[in-house]
Amino acid sequence: MKEKLKVAVLASGRGSNFKALAEACAGEGYPGDIAILIVDNPDAGALQVASEMGIDSVVFDCGPKKGSMTLESSERMVEICNEKGVGLVCLAGFMRIVKGRLMDDYVGRMINIHPALLPNFKGLNAQKQALDYGVKYSGCTVHFVDKGIDTGPIILQKIVSVEQGDTEETLSARILVEEHKTYPEAVRLMAEGRVRIDGRRVVIKGHD
Ligand code: GAR
């Protein structure tokens with residue numbers, strides 16, 4: 001049997017996408033395996049999920065600057081990922097911009113999920129941005145991480161209709177349902193070696 005792709009998940013909060021990935025990885029025949037959860041916040045709900053599921057986790061001090069990470073923490077994350085044989089880094093609600101060695105060493109092997117149809121509504125509070133703009137459709141995007149903010153090549157997108165009377169909470173909840181399906185699907189495609197970057201485009205073998 002082919003060896004499973006070892007995945008590191010980076011999260012800052014609740015951890016529902018981490019949970020969706022971990023549950024997919026626990027499923028029979030799924031080609032990925034969570035090697036470690038890395039969080040930047042000791043209160044992250046994701047830690048509880050990891051402990052319940054018996055997944056190794058580590059809390060990192062990424063420095064005091066909101067949205068940023070120290071080069072030292074980036075370096076240490078790479079060391080841990082290397083020790084664990086990680087082949088794919090998944091950002092799942094990790095609220096810091098990745099830079100330094102983690103960015104350099106994992107370019108093309110690091111992906112993120114964003115709660116909007118990129119390139120619209122990058123950055124924070126994407127669901128609120130979409131509502132405020134008045135779009136009729138939003139959704140979620142899984143994309144490669146590059147040095148920009150939510151700018152890397154797009155792997156998968158799912159559309160979610162915006163309904164009359166939607167609030168940030170109701171729209172976010174419907175988008176989240178799609179996130180939990182889309183992220184494991186993207187990791188599966190990566191693990192099966194079916195994803196290739198061609199300039200800005202991502203070509204997926206045998207995928208409609
Ligand atoms: C998710 O909606 C994810 O798409 C979003 O944070 C939430 C994390 O929830 N990420 C971003 O906004 C990144 N720009 P979770 O901790 O329950 O997975």
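Order of listing sets the numbers, starting from 1, for every ligand and every atom in it. This one's a predicted model, so the numbers in the text were calculated from it and none came from an experiment.
The protein atom (non-hydrogen) at minimum distance from atom 8 (C) of ligand 1 is Gly93 CA, 3.7 Å. What sits closest to atom 7 (C) of ligand 1 on the protein, heavy atoms only, is Arg14 NH2, 4.2 Å. At the top of the distance list for atom 5 (C) of ligand 1, counting protein heavy atoms only, stands Pro115 CD, 3.9 Å. Ranking protein heavy atoms by distance to atom 6 (O) of ligand 1, first place goes to Met95 CE, 3.6 Å. Scanning all protein heavy atoms for the shortest distance to atom 16 (O) of ligand 1 gives Gly15 N, 2.8 Å. Taking atom 4 (O) of ligand 1 as the reference point, the nearest protein heavy-atom neighbour is Glu179 OE1, 2.7 Å. Annotation: atom 14 (N) of ligand 1 to nearest protein heavy atom, His114 ND1, 3.3 Å.
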Practice task
Decide salt bridge (charged side-chain N to carboxylate O under 4.0 Å, His left out) for Asp104 and Lys99; before the verdict, give the C-alpha distance in whole Å, the side-chain angles of both, and the deciding distance to 0.1 Å.
Solution key: CA-CA 8 Å; Asp104 295 340; Lys99 61 178 185 183; over 6 Å; no
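For ligand 1, the polar-atom distance check finds an N/O of Ser16 within less than 3.5 Å of one of the ligand's N/O atoms.
With contacts defined as side-chain heavy-atom distances shorter than 4.5 Å, the pair Val89/Val86 qualifies. Leu171 is listed as a side-chain neighbour of Val162, based on a closest heavy-atom distance under 4.5 Å.
Using modelled atom types, one side-chain atom of Arg174 and one backbone atom of Ser161 make a donor-acceptor pair closer than 3.5 Å. Checking side-chain atoms of Ser138 against main-chain N and O of Val160 turns up no donor-acceptor pair under 3.5 Å.
Every residue was checked against the salt bridge (charged side-chain N to carboxylate O under 4.0 Å, His left out) condition with Asp146, not counting sequence neighbours, and none meets it.
Using modelled atom types, one finds no donor on one side chain facing an acceptor on the other under 3.5 Å when comparing His114 with Gln157.
Near Gly123, with a cut-off below 4.0 Å to any heavy atom, the atoms of ligand 1 are 14 (N).
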